[in-house]
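Reading through the structure tokens given below for one structure.
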Amino acid sequence: MMHSPTGNLLIDLYKALKNGDIPVYTVLPGVEVPEPLLVIGSHSEDDSPSGKSGYEVSTTEVQIDMYYPIDDRMALEDQIYQTKNIIKNSTDKITRVTARTIVDSSIGRDVFHVIFLVTAYI
């Protein structure tokens with residue numbers, strides 16, 4: 001079955017992240033699932049014309065959330081570095097990966113919440 005370019009991007013990201021050490025989900029699992037975990041979340045697309053390429057290229061941004069135990073900041077920083085490398089190497093369509101770390105209690109306990117924004121041209 002053929003997939004859309006965005007579908008292929010999501011498949012590439014999912015496959016690459018599944019080969020890492022952290023479980024990957026497409027929706028946030030229940031509170032019984034311990035950290036660390038990754039969630040491939042929302043995405044946005046922009047197909048505005050550009051001077052170089054016209055309508056042939058679409059810029060896509062995918063959000064990947066990592067929830068990590070609050071007890072070891074150095075381990076978190078190492079995991080961010082590893083996860084960014086996995087994401088960047090998942091496909092040559094990715095042009096940028098940013099990460100923002102916050103302390104979050106929205107899942108019922110304090111965790112580090114890292115928000116990765118992945119920008120790709122498809």
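Predicted model only: the values in this text are computed from it and were never measured. What's counted below: heavy atoms across the whole structure, side chains too, no hydrogens, waters or symmetry copies.
Met66 and Ile115 fall into different hydrophobic clusters, where Ile, Leu, Val, Met, Phe, Trp and Tyr are joined by side-chain heavy atoms under 4.5 Å apart, directly or via other members. A single hydrophobic cluster is seen to contain both Ile87 and Leu76, as judged by linkage of ILVMFWY side chains at heavy-atom distances under 4.5 Å, directly or through other members. Note on Val118 and Val24: same hydrophobic cluster, where clusters join Ile, Leu, Val, Met, Phe, Trp and Tyr whose side-chain heavy atoms are under 4.5 Å apart, directly or indirectly.
Through direct or indirect side-chain contacts shorter than 4.5 Å among Ile, Leu, Val, Met, Phe, Trp and Tyr, Leu117 is connected to no other residue.
Every pair tested for salt bridge (charged side-chain N to carboxylate O under 4.0 Å, His left out) that includes a residue from residues 78-88 fails, sequence neighbours excluded, so the list is empty. Applying the ring-ring contact (aromatic ring centres under 6.0 Å, His included) test to residues at least two apart or on different chains, the pairs with a partner in residues 60-114 are Tyr67-His113. Residue pairs satisfying the salt bridge (charged side-chain N to carboxylate O under 4.0 Å, His left out) criterion with at least one member in residues 111-122, sequence neighbours excluded, are absent.
Rounded to the nearest 0.5 Å, atoms OG1 (Thr60) and CG (Asp46) are 9.0 Å apart. Summarising the geometry, atom CD1 belonging to Ile80 is positioned 3.5 Å from atom OG1 belonging to Thr101; distances are rounded to the nearest 0.5 Å.
Judged purely by atom type and a 3.5 angstrom limit, Thr95 uses its side chain to pair as donor or acceptor with the backbone of Thr119.
Among residues two or more places apart in sequence or in another chain, the side-chain hydrogen bond (donor to acceptor under 3.5 Å, both in side chains) test is passed with Ser42 by none. Applying the salt bridge (charged side-chain N to carboxylate O under 4.0 Å, His left out) rule to Arg96 yields the partners Glu61; only residues at least two apart in sequence or on another chain are considered. Gln82 pairs by the side-chain hydrogen bond (donor to acceptor under 3.5 Å, both in side chains) definition with nothing, not counting sequence neighbours. Under the rule for a salt bridge (charged side-chain N to carboxylate O under 4.0 Å, His left out), the partners of Glu77 that lie at least two apart in sequence or sit in another chain are Arg73. A search for side-chain hydrogen bond (donor to acceptor under 3.5 Å, both in side chains) contacts involving Thr59 returns nothing, not counting sequence neighbours. Evaluation of the side chain to side chain contact (heavy atoms under 4.5 Å, CB included) rule for Asn89 yields Asn85 as partners, not counting sequence neighbours.
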Validation: residues 3-15 side-chain donor-acceptor distances under 3.5 Å, sequence neighbours left out:
| residue | atom | partner | partner atom | Å |
| --- | --- | --- | --- | --- |
| Ser4 | OG | Gly7 | N | 2.9 |
| Thr6 | OG1 | Glu45 | OE2 | 2.6 |

Identify every side-chain donor-acceptor pair in residues 25-40 under 3.5 Å, counting partners at least two apart or on other chains, and give the distances.
| residue | atom | partner | partner atom | Å |
| --- | --- | --- | --- | --- |
| Glu35 | OE1 | Arg109 | NE | 3.3 |
| Glu35 | OE2 | Arg109 | NE | 2.8 |
| Glu35 | OE2 | Arg109 | NH2 | 2.5 |

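Closest of all the heavy-atom pairs between Ile86 and Gly20 is CD1-CA, 4.1 Å.
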